Protein chains: 2
Amino acid sequence: MPSQTGRSSSSRQYPCERCPLRSLPVFREFEKPELAFISKLKKGELAVDKGATVLVEGSHSAHLYTVLSGWAFRYKLLQDGRRQILNYLMPGDLIGLQGSVMGEMQHSVEALSPMLLCVFERDNLLEIYRNHPGLAYDITWIASREERMLDENLLSVGRRSAIERAAYLVAFIASRAKVVGLNGTQSIQIPITQQHIADTLGLSLVHTNKTIRKLMDRQLIVWRDGGCGVVDIEGLKQLAGWEGLAEGRRPLI
Amino acid sequence: MPSQTGRSSSSRQYPCERCPLRSLPVFREFEKPELAFISKLKKGELAVDKGATVLVEGSHSAHLYTVLSGWAFRYKLLQDGRRQILNYLMPGDLIGLQGSVMGEMQHSVEALSPMLLCVFERDNLLEIYRNHPGLAYDITWIASREERMLDENLLSVGRRSAIERAAYLVAFIASRAKVVGLNGTQSIQIPITQQHIADTLGLSLVHTNKTIRKLMDRQLIVWRDGGCGVVDIEGLKQLAGWEGLAEGRRPLI
DNA sequence: CGTATCTTTGATATAAGTCAACAGTGGTGG
DNA sequence: CCACCACTGTTGACTTATATCAAAGATACG
């Protein structure tokens, strides 16, 4: 399965005030002092290779990250190696909040592509709560958003058929990717293998392959460049019976 | 399936300072001012009938609740009525945080037994963040804990076999119930039907029944008084390959 | 009692898993 | 430059887990 530890810290490049993500319409405006405070907390940037493990279950990481660019996924393993992917991470998402708040990590995170991460010290989290209630509230908001996504994923894995699940998953990822500007060429390209999809949907690799083929036959997706190209996101949503993300603007930390 | 709306507000009975839950060893000590503040926020108590809907998907509830006594569950529905139970709620758990933070509820909550709830105003949430950073942090902690439980549930539904899932579920609920003192008679009694279990595990009712029977044959559980009696929690954990909850003390809001 | 809600069971159907083999791809080292 | 290897995707044959259907017992309840 995975994965070598390929990291390299790079010197700081983007001050938060000129963060390329912050200008996207999905993210709410921050007050000057909030932004300055965040900027002060930022410790640097971390470049991560594709396939590298960012965080590992059982560890007590001293860091908290925000994805600047690239894709990753969160997962848990059963004792015998069966893997369940819990969610995907893309630009603007926080990595490691659970571990920061509660201590030990209970899941692992692996990069799906080369990534650039903003690094924060775990210890500074409390400082946010003391000095910037608005930002503290934002962090709770972010945790609630993750919970909401997990609710949806659990509904899908528990109650949808294989093809509905696959359609939901692609539509879900594509919807999220779109709002953070990951559709440069107009159609979104998700850098995952069919094994990842299988481990997300709770299906076997072979059955996943046959299911994906059906989506391709229906002209909803294509498989190219070692990943999934999204052709008809509305068709996917309809097939899955999924309403889509009901999100307005959100905070970026 | 469900369920009538049976609520009745009762006049206030327990001031937070004499909350019967707070003295349990699972809950961390609160400072006097924290406790006073919480007590001030508490608006009253709400008695809910078994089977009643506490919160409904799509609504904008003005309230946030803490379970004083009784059991409930969170769930989501697909358009055609398929139901997925996401998690269970028992004394000490918060109800409706997601909705309070993000606005609209994206799941429903139904009582499994008669319940008593502490009622808080949604609007006062921000006040907590402004005046009590420690409590604000606790709320994020609680949200992270819920996320963690969902991670485990998703792992289970996605990757465990039917009997492993059932064993995990019972062990999981029983472990949580034990630490909040729900084992008066020593052995824990979970007030659910097999339909609830089916909708939690993502299985059909018939298959769930046959699976539960296997657990009974193995002397791990019994079915009595319209609910599940937990006989051998260690045996269940072993069958599921589950390590158990790794929780220390937690906040009670 | 009579009715509704749960649980149980057997027979059958279907979705998904497993096994096995092969084809395309890209990388690496001789 | 080629041979080899690892990884990914594809397919068909077969097995198994789980779903569906149908009916009958239990059990609680008014």
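Predicted model only: the values in this text are computed from it and were never measured. So that the names make sense, note that chain A is the first sequence line, chain B the second, and so on, each numbered from 1.
Residue pairs that meet the ring pair (Phe, Tyr, Trp, His ring centres under 6.0 Å) test with at least one member in residues 145-168 of chain B, sequence neighbours left out, are B/Tyr168-B/Phe172, B/Tyr168-B/Trp242.
In terms of position along DNA chain D, the nucleotide closest to A/Gly226 lies nearer the 5' end than the nucleotide closest to the other residue of the pair A/Gly226 and B/Leu203.
Residue-level contact check: B/Gly202 touches the backbone only, with heavy atoms under 4.0 Å from sugar-phosphate atoms and none from bases. Contact annotation for A/Ser204: base contact, defined as any heavy-atom pair under 4.0 Å involving a base atom.
Considering only side-chain atoms of A/Ser161, the nucleotide from C/dA16, D/dT18, D/dT20 that sits closest is C/dA16.
For the pair B/Gln84/A/Arg160, no side-chain contact is recorded, criterion being any heavy-atom separation below 4.5 Å from C-beta on. A heavy-atom distance below 4.5 Å is found between the side chains of B/Ser175 and B/Ile233.
The CD1 atom of B/Ile192 sits 14 Å away from the C1' atom of C/dT7 (whole-angstrom rounding). Counting to the nearest Å, the C1' atom of D/dT8 and the NE2 atom of A/His196 are 11 Å from each other. Rounded to a whole Å, the CD1 atom of B/Ile163 is 16 Å from the C1' atom of D/dT16. Regarding A/Gln195, its CD atom lies at a distance of 14 Å from the P atom of D/dT10, rounded to whole Å. In this entry the distance linking CZ of B/Arg224 with C1' of D/dA26 reads 18 Å, nearest Å. One interatomic measurement links the two molecules: NE2 of B/His207 to P of C/dA15, which rounds to 16 Å at whole-angstrom precision. Between B/Arg160 atom CZ and D/dA17 atom C1' there is a gap of 18 Å when expressed in whole angstrom units. Taking atom CD1 of B/Ile221 as the reference point, atom C1' of C/dT7 lies 13 Å away to the nearest angstrom.
Take A/Ser69 and apply the side-chain contact (heavy atoms from CB on, under 4.5 Å) test, not counting sequence neighbours, and it matches A/Leu116. With sequence neighbours excluded, no residue forms a side chain to side chain donor-acceptor pair (under 3.5 Å) with B/Ser59. Remark: B/Glu234 pairs with no residue by the side chain to side chain donor-acceptor pair (under 3.5 Å) rule, at least two apart or across chains. Partners of B/Glu57 by salt bridge (charged side-chain N to carboxylate O under 4.0 Å, His left out), not counting sequence neighbours, listed by chain and number: B/Lys76.
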Write down the protein N/O and nucleotide N/O pairs, taken from nucleotides 8-11 of chain C, whose separation is under 3.5 Å; answer none if there are no such pairs.
residue	atom	partner	partner atom	Å
C/dT8	OP1	B/Arg213	NH2	3.0
C/dT8	OP2	B/Gln194	NE2	2.8
C/dT8	OP2	B/Asn209	ND2	2.8
C/dT9	OP2	B/Arg213	NE	3.0

Side chains of residues 205-221 of chain B: which donor-acceptor partners sit under 3.5 Å, not counting sequence neighbours?
residue	atom	partner	partner atom	Å
B/Thr208	OG1	B/Ser204	O	2.7
B/Asn209	ND2	B/Gln194	OE1	2.7
B/Thr211	OG1	B/His207	O	2.8

What pairs of donor and acceptor atoms, side-chain ones from residues 86-94 of chain B against any protein atom, are under 3.5 angstrom apart with sequence neighbours left out?
residue	atom	partner	partner atom	Å
B/Asn87	OD1	B/Arg176	NH1	3.1
B/Asn87	ND2	B/Glu146	OE1	3.4
B/Asn87	ND2	B/Glu146	OE2	3.1
B/Tyr88	OH	B/Thr200	OG1	2.5
B/Asp93	OD1	B/Arg145	NH1	3.4
B/Asp93	OD2	B/Met90	N	2.9
B/Asp93	OD2	B/Arg176	NH2	2.6

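Annotation: the terminal axes of the helix from C/dC1-D/dG30 to C/dG30-D/dC1 meet at 40°, where each axis is the rotation carrying the C1' atoms of four end pairs onto the next four (5 pairs per end, rounded to 10°).
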